[in-house]
Amino acid sequence: MTTTDDMTTTATKRAVRIGVGGPVGSGKTMLVRRIIEALQSTIRIGVVTNDIYTKEDAEFLTKLGILPQSHILGVETGGCPHSAIRDDVSMNLAAIDELTHQCGDELDLILVESGGDNLTAMFSPDLADKTIYVIDVAQGDKIPRKGGPGLTYSDLLIINKISLAPFVGANLNVMERDAKALRGDGSTIFSDLGDGRGIEEISRWILEQLN
Ligand SMILES: Nc1nc2c(ncn2[C@@H]2O[C@H](COP(=O)(O)OP(=O)(O)OP(=O)(O)O)[C@@H](O)[C@H]2O)c(=O)[nH]1
Ligand SMILES: [Mg+2]
C-alpha cells in the first residue's frame, strides 16, 4: 500500500512555467538567451519556442550551445500565434510534456516563448504560471499607454533595447510614467539585452518566481 508519505517523497516537483510574449522582434529570444546564460549554473532550464512557420528560434538557441539540445523544443504553430498560447494550448502542453520527459523530469523552469504577436496576446493560465511581456523602445514611446492584456496584466513588463532610445526619439521617462499608470504596482524593468543591462534584475525576478 502507498502511504501519503511515500507519495510525497516520490512525487516529482513540477517545473515553473514562465510565458514570454510580445510583439515581433522585441527581444523575446534574446531574453531567453540571457536568462539561460545568467541562471543555467543555478537552475535547470528548458525552453519551448513558438514560431508560426519555422522552428528558427529553437534552432538559434540550440546553435548557441548554451543548453543541451534536449532542453530546447520548437513548436510550429501555423496560423495565429496567440491562439496557440491562449485559446488552444494543446500543442504547447504536448511540447512541455515531451521536453520534461526528454530532460528526465528534472527541470526547475520552463520558458515558453510565444510567436511574435500584437498587443492582444496573452497566455492561458493552463499554459503559463507567470508571464513576461517584452516590448522595445524602437516601437515608439507610446506603446506602454496602448494597453492590452500583456502590457497590463503580465507579471513582468520588460522595456527592451534602451540603448536605441536616443536614435528613435523615445523618452524613457514617458514610458516609465505610462507603464506605471497602466500597471500600478506591477513590475517593470528597463533593459538592453544586447549589452546586458537589466539582466541581473530580471534574473532576480525569475528566481523569486521559483520559490
Ligand atoms: N540593440 C539591441 N538589439 C537587440 C536587443 N534585444 C534584441 N535585439 C536584436 O533585435 C532583433 C530581434 O530580437 P529577437 O530576440 O529575435 O526578438 P523576438 O522578439 O524573439 O522576435 P520574434 O520571435 O521574431 O518575434 C535581433 O536582431 C536581436 O539581436 C537589445 O536589447 N538591443
Ligand atoms: Mg523570438
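Just so it is clear, the values below take in all heavy atoms, side chains as well, and ignore hydrogens, waters and symmetry mates. In listed order, ligands and their atoms are each counted from 1.
- Side-chain atoms of R34 and S203 form no donor-acceptor pair, as typed in the model, at a separation below 3.5 Å.
- Neighbours of the Mg ion (ligand 2) restricted to protein N, O or S atoms under 2.8 Å: the count is 3.
- Within 4.0 Å of ligand 1, protein heavy atoms belong to P23, V24, G25, S26, G27, K28, T29, M30, D57, E113, G116, N160, K161, D192, L193, G194, listed by chain and number.
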Please set out all donor-acceptor pairs under 3.5 angstrom arising from side-chain atoms of residues 204-211, sequence neighbours excluded.
unit_1, atom_1, unit_2, atom_2, d
Q209, NE2, W205, O, 2.9
N211, ND2, L207, O, 3.4

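- Side chains of I202 and L193 form a contact here, defined as non-hydrogen atoms less than 4.5 Å apart.
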Q. Can you check side chain to side chain contact (heavy atoms under 4.5 Å, CB included) on V174 and R145, steps first, answer last?
A. CA-CA 10 Å; V174 167; R145 61 177 172 269; 3.7 Å; yes
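- Looking only at distances, no side-chain donor or acceptor of K55 sits under 3.5 Å from a matching main-chain atom of L73.
- Under a 4.0 Å N-O distance rule, the pair D129/R14 qualifies as a salt bridge.
- Checked against side-chain contact (heavy atoms from CB on, under 4.5 Å), L93 has the following partners two or more places apart in sequence or in another chain: R17, V89, L127.
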Q: Could you give me the CA-CA distance, side-chain angles and deciding distance for S26 and Q139, then say whether side chain to side chain donor-acceptor pair (under 3.5 Å) is met?
A: CA-CA 8 Å; S26 59; Q139 296 158 327; 5.3 Å; no
Q: Evaluate side chain to side chain donor-acceptor pair (under 3.5 Å) for S191 paired with N160, printing each intermediate quantity in order.
A: CA-CA 5 Å; S191 70; N160 189 33; 2.9 Å; yes
